[in-house]
Amino acid sequence: MNMPRRLLLVNGPNLNLLGIREPEVYGHETLADVERLVADTAGRRGFEVGAVQSNHEGVLLDAIHQAREDCAGIIINPGGLTHTSIVLRDALAAVALPVAEVHISNVTQREEFRHHSYVADIAVVHVTGEGVPGYATATARLIEVVSGSAAR
Ligand code: CA2
């Protein structure tokens, strides 16, 4: 089967509040802005994007499992689940698609508990602290990986 020209964008808990709360940390752009940015970045490269945001871990897991059927890779900002969720990590590992992990803020410069990511070692692309534009960086890099023009 040919590689599907489709990516899944996953945003974890509380990221529906982007642009509404804590703009000093996460900026003024909204989740809709993020989803548009990723769709445009992918679209210019001939990929479409399915997007999910949920405050419920199981909803995210179901979307990740479904991606196995019709996606070439996953762009994910797991939110706080980054630092806590073995089940999210297991789901990403199980579907075995290339993963791009994005964080809006520079987690390495924040509280100690944000320094560890359960996703980092299974992700092939990491973008941290670039703000919302980091989603475009992650999307472009992931497309390079899935298209075979970058080393995994
Ligand atoms: O910097 C990131 O993108 C984070 O993944 C965001 C998470 C945080 O737990 C991670 O350590 C780093 C928090 C997502 C909550 O998003 C909000 C957005 C606006 C207002 C309040 C929360």
Side-chain angles (χ1 to χ4, degrees), residues 6-45 47-68 71-146 150 152:
R6 181 177 171 84
L7 304 173
L8 177 66
L9 169 65
V10 180
N11 278 293
N14 299 312
L15 286 158
N16 56 309
L17 298 177
L18 274 180
I20 300 168
R21 308 281 306 169
E22 299 185 53
E24 67 287 358
V25 181
Y26 299 111
H28 290 279
E29 286 153 300
T30 65
L31 179 63
D33 294 329
V34 167
E35 293 181 350
R36 198 174 311 115
L37 176 65
V38 170
D40 288 350
T41 305
R44 281 194 295 277
R45 292 161 176 81
F47 280 74
E48 60 177 36
V49 176
V52 61
Q53 185 280 327
S54 183
N55 297 322
H56 305 277
E57 204 169 23
V59 172
L60 302 176
L61 264 55
D62 289 345
I64 290 165
H65 292 175
Q66 176 62 34
R68 206 166 61 90
C71 289
I74 298 174
I75 303 145
I76 185 165
N77 182 346
L81 296 175
T82 307
H83 319 296
T84 63
S85 181
I86 295 170
V87 295
L88 180 69
R89 176 210 167 84
D90 285 347
L92 290 167
V95 298
L97 293 170
V99 171
E101 178 182 6
V102 190
H103 296 286
I104 298 168
S105 64
N106 188 348
V107 285
T108 64
Q109 308 266 295
R110 297 181 66 190
E111 303 95 322
E112 183 81 32
F113 64 82
R114 296 187 201 277
H115 295 184
H116 177 260
S117 164
Y118 279 105
V119 172
D121 66 321
I122 56 169
V124 293
V125 171
H126 305 90
V127 179
T128 298
E130 289 189 16
V132 163
Y135 282 88
T137 310
T139 303
R141 285 202 208 142
L142 183 64
I143 289 173
E144 286 176 10
V145 170
V146 303
R152 282 191 61 180

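Just so you know, ligand 1 is whichever comes first in the structure, and atom 1 is the first atom listed for that ligand. Everything numeric in this text was worked out from a predicted model, so none of it was measured.
With sequence neighbours left out, the side chain to side chain contact (heavy atoms under 4.5 Å, CB included) criterion links Asp90 to Ile86. Scanning for side chain to side chain contact (heavy atoms under 4.5 Å, CB included) contacts around Glu111 gives Phe113, Arg114, with sequence neighbours left out.
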Review item, side-chain donor-acceptor pairs of residues 31-43, under 3.5 Å, at least two apart:
from  : atom 1 : to    : atom 2 : distance (Å)
Asp33 : OD1    : Arg36 : NH1    : 3.1
Asp33 : OD2    : Thr30 : N      : 2.9
Asp33 : OD2    : Thr30 : OG1    : 3.2
Thr41 : OG1    : Leu37 : O      : 2.6

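At a 4.0 Å heavy-atom cut-off, the residues surrounding ligand 1 are Pro13, Asn14, Leu15, Leu17, Leu18, Arg21, Glu22, Tyr26, Asn77, Gly79, Gly80, His83, His103, Ile104, Ser105, Val107, Arg114, listed by chain and number.
Put simply, the side chain of Glu101 never gets that close to the backbone of Val127: no donor and acceptor are under 3.5 Å apart.
Tyr135 and Asn11 share a donor-acceptor pair across their side chains, judged by distance under 3.5 Å alone. For the residue pair Glu57 / Asn55, no side-chain donor-acceptor distance below 3.5 Å is found, with atom types taken as modelled.
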